[in-house]
Student: 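Just dropping this structure here.
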Amino acid sequence: MNRFISYRELGAGARRAAWSWFSPSISLASRRSVHSPSFATVDVEDLSSSHPAEVKNLVQGNWKTSANWSSILDPLNGDRFIKVAEVQETEIKPLVKSLSKCPKYGLHNPLRAQDRYVMYGDISAKAANMLAQPEVSHFFTRLIQRVSPKSYKQALAEVNVSQKFLENFSGDQVRFLARSFAVPGNHLGQHSHGYRWPYGPVAIITPFNFPLEIPLLQVMGALYMGNKPVLKVDSKVSIVMEQMLRLLHDCGLPMEDVDFINSDGITMNKLLIEAKPQMTLFTGSSHVAEKLASDLNGRIKLEDAGFDWKILGPDVQEVDYVAWVCDQDAYACSGQKCSAQSILFVHENWASTGLIDKLQCLAGKRKLEDLTIGPVLTVTTASMLEHIHKLLKIPGSKILFGGEPLENHSIPEVYGALKPTALFVPLGEMLKTDNFELVTREIFGPFQIITEYRHDQLELVLDACERMHAHLTAAVVSNDPLFLQDVIGRSVNGTTYAGIRARTTGAPQNHWFGPAGDPRGAGIGTPEAIKLVWSCHREVIYDIGPLPKDWEVPAAT
C-alpha cells in the first residue's frame, strides 16, 4: 500500500509525521505547538474522518449551522475530513435580511462614520501582525495545503502576500483610499467635490485555487470602502476563510460587517437575485460569469478565467532561467492558477537551445510527495485525457511530454491526477476555424499547448492572441525594445509581464492583477484595484452663495 493510502489509517501522531513531508523545515515539536492558534476552531494536522472539522455560516453577527451538512473529501486520499453546513434555498431569508439592512450609502463613506476608516486601518495592522507570527503563518499554510494541495512554498507565498496586503493598508492607508478632489466653480461659494462612494450591500464569490488570498483581499477591499459584503468561497476550501474571519474578529472586525455563506451555486444564485446586492465580484469560470452578468443585469465585476499566453521573442538568452519560469508558470499548483501559462509561442531561434528538453526535465522532477504536482480539483483525469485525444487528431500535433495519469496515489476519482503535460500543435493548424476553439480551451490543470513561429509569422501569433476571448495575463519574453513595443502595443491582457524575466503567474500585493478589454473587469491588490471595484464616483456640487446684492428674478428662459 502506498504512503497516501496508508495515511487514512494512521493515528494522529503518525499523521503529523506524514505531513512533515510537505513542511520539512518545521520540527515536530513546533508543529504540535502551532496546531490551534487562539482564534482557531480546528486542528489542521488532525483533520480526518475521525476528527472532521465543521465549517459554519456567519449571518448577522452569529455563527450558524444549517439543516444540511455536506462532506468534503481529502484531495489526497478521499477521507471525509471536513463537514460544511451548506445553506439551502429555503434558508436564505436571514441573509437577504442582513444585506437589506445595509443602506446604499454604505456602512461608512467620506461624509459619514469616518471613524470606521481609522478602525479598519487598525484592524489591518493587527491582522498583519498576527499573520506575520510563524505559528499563525504555518497554520494557514498547512490549512491551504490540506484543502488545495500545493507545495509548502507555494502555499506559504499565498499567506505572505495576504500579510503584506494587510500591512500595506494599515494606519492611514484605508482613509487615503477615499481621497477626494475639489474643482472651483463659476462664482463665490460654488465648487464641485468628487468622492469615492461605496455601493453598500455587495457580494463576493471566489474559487478554490487561492482559498486565502483572493477572498481576503477582496473582502478587505470591500470593507475599506464602506460596503457590507456577503462572501461565498468554494465549499471545498471555505474552511480557510472561515478561520481567517475568526482571526479578523479577534483583531476587532465587527461581527456584523461580513456575512459568510456556504451553499451550492443554485442557492447562491437565488440569494443574489432576491437580495439584489448593488455590486457582485465574481472570480471564476467565464461561463458562470456570463450567466451572473445576465441574472444581475450587469451589476457585476469579473476576474474570470484566462487562456494565458507567453511569447518567446527572437533574442535568445538565459535559456535555463526561461525554461524554469515556463515550468513554474505552467505546472506550479498543478496548473490551477487563472494566470497559468496556457500556450507558449516559441520563436524559431529557440529551436536549437534544447528548451523543450529542459522543460521536460524540470517537469519530470515534480512529484506528489512534495505536492509540486498534485490533485486537480475541477477537472477529472478522464476529461483531461479526452481533451488530449481530441487535440492529437489535429494534423501535426504530438505529445511533447506527459499525457499520462499520475501513478501510485490514492487521489479520489472525482478529482484529476495528470503528469505535467505539453502538447505541440502547429501554428497554422491551430488558427484554422475548426481547431481554434478546441486548442484555446482552458484546462485548469497541469497542461499547456506549445507551438513555434518563424520570424515572418508574428502577425499570425498576434492574430491568435486577438481572437482569444479572455485577456487576463500574458508574458513577452524578450529584451528587444522594438519587439516588446510591437507585441504590447497590439495586445490587451490586463497583467502583462515584459522582458527576459517575464512570467504569466504571480499576483503579489504590489501591482494590479486583473483582466483588461472588458468594462466589467475587476482587479485585486492595489489601491487602484480597490477603488475601481469597491467604490463608484459621486460628485457633489456645493453652491452656498451668497447671491449678488443686486440680484433680481430674471425673465423665464
Side-chain angles (χ1 to χ4, degrees), residues 97-125 168-204 217-230 252-254 256-258 275-281 296-301 512 514 519-557:
K97 182 179 180 181
S98 181
L99 271 191
S100 67
K101 285 184 176 181
C102 178
K104 293 178 182 177
Y105 55 77
L107 300 178
H108 61 266
N109 60 54
L111 300 180
R112 181 181 179 276
Q114 295 95 327
D115 58 297
R116 284 173 54 89
Y117 292 110
V118 180
M119 178 187 76
Y120 271 104
D122 293 342
I123 292 170
S124 292
N168 284 348
F169 292 98
S170 300
D172 288 323
Q173 297 307 310
V174 174
R175 78 166 105 216
F176 289 160
L177 289 170
R179 190 190 301 272
S180 59
F181 64 85
V183 177
N186 293 331
H187 49 254
L188 183 63
Q190 185 189 70
H191 69 276
S192 59
H193 213 112
Y195 295 104
R196 296 311 304 178
W197 213 256
Y199 291 103
V202 298
I204 301 171
L217 269 58
Q218 295 292 16
V219 162
M220 296 308 291
L223 291 168
Y224 292 157
M225 300 311 294
N227 303 288
K228 176 185 172 66
V230 56
L253 173 69
E256 300 82 5
D257 277 15
V258 181
K276 295 181 174 62
Q278 291 298 107
M279 207 284 288
T280 294
L281 179 281
L296 302 177
N297 298 314
R299 295 192 306 272
I300 193 168
K301 288 286 186 180
W512 161 282
R520 304 166 301 178
I524 192 170
T526 62
E528 291 76 19
I530 292 171
K531 287 183 278 190
L532 173 80
V533 176
W534 296 116
S535 68
C536 58
H537 182 89
R538 185 185 187 189
E539 193 88 2
V540 177
I541 296 87
Y542 293 92
D543 205 345
I544 62 176
L547 294 177
K549 292 182 179 180
D550 57 351
W551 185 86
E552 295 180 355
V553 177
T557 60

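All values below come from the heavy atoms of this structure, side chains included, with hydrogens, waters and symmetry mates left out. None of the values given here were measured: they were computed from a predicted structure.
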Student: Identify the two heavy atoms, one from Gly106 and one from Pro198, that lie closest to each other, and give their separation to 0.1 Å.
Tutor: CA-CG, 4.0 Å
Student: Under a 4.5 Å cut-off applied to non-hydrogen side-chain atoms, are Gln278 and Asn227 in contact?
Tutor: no
Student: Counting C-beta onward and ignoring hydrogens, is there a side-chain heavy-atom pair between His193 and Leu111 closer than 4.5 Å?
Tutor: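 Heavy-atom side-chain distance check fails, nothing below 4.5 Å.
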Student: I need the Thr526 OG1 to Asn168 CG distance, nearest 0.5 Å.
Tutor: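 So the gap between those two atoms works out to 10.0 Å.
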Student: Flag the pair Met119 / Pro254 as yes when at least one side-chain heavy-atom distance between them is below 4.5 Å, and no otherwise.
Tutor: yes
Student: For Ala275 and Leu99, which heavy atoms make the closest approach, and how far apart are they?
Tutor: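 In terms of heavy atoms, the two residues are closest at CB-CD1, 3.8 Å.
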Student: Would you indicate whether the side-chain heavy atoms of Val533 and Met279 approach each other to under 4.5 Å?
Tutor: yes
Student: How are the rings of His108 and Tyr120 set to each other: parallel, tilted or perpendicular (split at 30° and 60°)?
Tutor: tilted
Student: So, taking the atom named NZ in Lys301 and the one named CD1 in Ile204, what distance separates them when rounded to the nearest 0.5 Å?
Tutor: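 These two atoms lie 14.0 Å from each other.
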Student: Which atom names give the shortest non-hydrogen contact between Ala113 and Leu107, and what distance separates them?
Tutor: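 In this case the closest contact between Ala113 and Leu107 is CB-O, 3.7 Å.
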Student: Could you check whether any side-chain heavy atom of Val202 comes within less than 4.5 Å of a side-chain heavy atom of Met225, counting everything from C-beta outward?
Tutor: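 Val202 does not reach Met225 side chain to side chain.
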Student: With rounding to the nearest 0.5 Å, note down the distance linking CD1 in Ile541 to CD in Gln190.
Tutor: 8.0 Å
Student: Got a sec, which residues hit salt bridge (Lys or Arg N to Asp or Glu O under 4.0 Å) with Asp543, two or more places apart in sequence or on another chain?
Tutor: none
Student: Between Gly523 and Ala529, which heavy-atom pair has the shortest distance, and what is it?
Tutor: C-CB, 3.5 Å
Student: Rounded to the nearest 0.5 Å, what separates atom CZ in Phe181 from atom CZ in Arg196?
Tutor: 9.0 Å
Student: Aromatic rings Phe169 and Tyr224: how do their planes relate, parallel, tilted or perpendicular, breaks at 30° and 60°?
Tutor: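 Tilted, since the angle between the ring planes falls between 30° and 60°.
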Student: Identify the two heavy atoms, one from Leu177 and one from Lys531, that lie closest to each other, and give their separation to 0.1 Å.
Tutor: O-CD, 3.2 Å
Student: Side chains of Leu223 and Leu253: closer than 4.5 Å at any heavy-atom pair?
Tutor: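 Side-chain contact under 4.5 Å: yes.
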Student: What I'd like to find out is whether the side chain of Lys228 reaches to under 4.5 Å of the side chain of Ser98, using heavy atoms alone.
Tutor: yes
Student: Could I get the full list of salt bridge (Lys or Arg N to Asp or Glu O under 4.0 Å) partners for Arg538, not counting sequence neighbours?
Tutor: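 For Arg538, no residue satisfies salt bridge (Lys or Arg N to Asp or Glu O under 4.0 Å) once neighbours in sequence are set aside.
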Student: Do Arg299 and Lys276 come close enough that some side-chain heavy atom pair is under 4.5 Å?
Tutor: yes
Student: Describe, in one word, how the ring planes of Tyr195 and Trp197 are oriented to each other, choosing from parallel (under 30°), tilted (30 to 60°) and perpendicular (over 60°).
Tutor: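 Answer is perpendicular, since the angle exceeds 60°.
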